[in-house]
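The structure under discussion appears below in the form of structure tokens.
These values consider heavy atoms only, across backbone and side chains, with no hydrogens, waters or symmetry-generated copies. Residue numbers count from 1 along this sequence.
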Amino acid sequence: MPAKVKIAAAQIEPLFTETDRNLDKIIRFSKQAAGNNVNLIVFPECCLTGYIFNSRAEAEPLAETIPGPSTEILAQLCQKLGTHIILGMLEKEGGGLFNSAVFIGPQGIIGKYHKKHLPFLGIDRFVDCCPQPFQVFESQTGIVGMHICYDLVFP
């Protein structure tokens, strides 16, 4: 673990349902941050797809598995840049649909988290709740825990 960790918060505006364009933006911002010696780049909730969906059926085609196409591309990017990324995405797993955050580093996927507290808003009206306990993940950057938005309100 480094003595100091430099973290960048990339407050990008995702383009609704434009996964490829959003992934390109994530890659571009990641390269810029890595050029400034950032160890960990954190992207917003649902930054691959956008957040305001009107139905589960509208969101499901945009959900990916973890690992999956986007996380594999980002794992290769992290390896090339020597950095870590956390990003929000819609995840399909075992028939479920989750508002997830994934933690990726130079060695690949380190961990993932499913949002637990789901307000009646945007995609959270249609995703599944995951009863798994909160976790922390060890990485070269340090020990990292993840929450998504509204989860922050609950102890």
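Between Leu81 and Ser30, the shortest heavy-atom distance links the atoms CD1-O, 3.8 Å. The two residues Cys130 and Phe98 have their closest heavy-atom pair at CB-CE2, 4.0 Å. Between Cys46 and Leu90, the closest heavy-atom pair is SG-CD2, 4.0 Å.
Listed by first then second residue, pairs satisfying ring pair (Phe, Tyr, Trp, His ring centres under 6.0 Å) with a partner in residues 16-48 read Phe16-Phe53, not counting sequence neighbours.
By the salt bridge (Lys or Arg N to Asp or Glu O under 4.0 Å) test, Asp151 is found to be paired with no residue, residues two or more places apart in sequence or in another chain being considered. Every residue meeting the side-chain contact (heavy atoms from CB on, under 4.5 Å) condition with Phe103, not counting sequence neighbours, appears here in chain and number order: Leu40, His84, Ile86, Ile110, Phe137, Ser139, Val144, Met146. Take Lys80 and apply the side-chain contact (heavy atoms from CB on, under 4.5 Å) test, not counting sequence neighbours, and it matches no residue. In this view, Gln76 satisfies the side-chain contact (heavy atoms from CB on, under 4.5 Å) rule with no residue, not counting sequence neighbours. By the salt bridge (Lys or Arg N to Asp or Glu O under 4.0 Å) test, Arg125 pairs with no residue at all, sequence neighbours left out.
Glu58 contributes a side-chain N or O that, together with a main-chain N or O of Asn54, makes up a donor-acceptor pair within less than 3.5 Å. Under the 3.5 Å distance criterion, the side-chain polar atoms of Glu64 are matched with a main-chain donor or acceptor of Ser70. Side-chain N or O atoms of Lys116 include one that pairs as donor or acceptor with a backbone N or O of Gln132 at under 3.5 Å.
For Asp20, the CG atom sits in a loose shell: 12 or fewer heavy atoms of surrounding residues, nucleotides or ligands are nearer than 6.0 Å. For Lys6, the NZ atom counts as densely surrounded, since its 6.0 Å shell holds more than 12 non-hydrogen atoms of other residues, nucleotides or ligands.
Note that CD1 of Ile85 is 11.0 Å distant from OG1 of Thr71, once rounded to the nearest 0.5 Å. We find the CD1-OG distance between Ile66 and Ser100 to be 5.0 Å, quoted to the nearest 0.5 Å. Here the CD1 atom belonging to Ile73 is positioned 12.0 Å from the SG atom belonging to Cys78, to the nearest 0.5 angstrom. Once rounded to the nearest 0.5 Å, the distance linking CD of Glu138 with CD of Gln140 reads 12.0 Å. Note: Gln79 CD to Ile104 CD1 = 12.5 Å, rounded to the nearest 0.5 Å. For the atom pair CD1 (Ile26) and CD1 (Ile41), the distance works out to 10.5 Å, reported to the nearest 0.5 Å.
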Decide yes or no on side chain to side chain contact (heavy atoms under 4.5 Å, CB included) for Ile148 and Tyr113, but give the supporting numbers first. CA-CA 8 Å; Ile148 300 172; Tyr113 168 77; 3.8 Å; yes
Would you sort out whether Ile7 and Val38 count as a side chain to side chain contact (heavy atoms under 4.5 Å, CB included), showing the intermediate values? CA-CA 6 Å; Ile7 300 171; Val38 170; 5.6 Å; no
Show your working on side chain to side chain contact (heavy atoms under 4.5 Å, CB included) between Glu91 and Lys112 and close with a plain yes or no. CA-CA 10 Å; Glu91 179 191 6; Lys112 65 181 181 176; 2.4 Å; yes
Take Val102 and Leu87 through the side chain to side chain contact (heavy atoms under 4.5 Å, CB included) test and state the conclusion after the steps. CA-CA 6 Å; Val102 61; Leu87 77 145; 3.6 Å; yes
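No side-chain heavy atom of Pro14 sits under 4.5 Å from any side-chain heavy atom of Leu48. With a 4.5 Å cut-off on side-chain heavy atoms, Leu23 and Leu74 count as touching. No side-chain heavy atom of Thr49 sits less than 4.5 Å from a side-chain heavy atom of Met89. A heavy-atom distance below 4.5 Å is not found between the side chains of Asn22 and Cys47. Counting only heavy atoms from C-beta outward, the side chains of Ile12 and Pro44 approach each other to under 4.5 Å.
Under the 4.0 Å criterion applied to side-chain N and carboxylate O atoms, Glu13 and Lys25 are not assigned as salt-bridge partners.
Exactly one of Lys115, Arg56, His114 qualifies for a side chain to side chain donor-acceptor pair (under 3.5 Å) with Asp128. That residue is Arg56.
Under a hydrophobic clustering in which Ile, Leu, Val, Met, Phe, Trp and Tyr are joined whenever their side-chain heavy atoms come within less than 4.5 Å, directly or via other members, Leu62 and Leu15 fall into different clusters. Under the 4.5 Å side-chain heavy-atom criterion for Ile, Leu, Val, Met, Phe, Trp and Tyr, Ile143 and Val5 are members of distinct hydrophobic clusters. By the criterion of side-chain heavy atoms lying less than 4.5 angstrom apart, applied directly or through intervening Ile, Leu, Val, Met, Phe, Trp or Tyr residues, Leu152 is not grouped with Phe154; the two fall into different hydrophobic clusters.
At a cut-off of 3.5 Å, with distance as the only test, a side-chain donor of Tyr51 or Asp124 sits close to an acceptor on the other residue.
Two rings, from Phe134 and His147, have their centers less than 6.0 Å apart.
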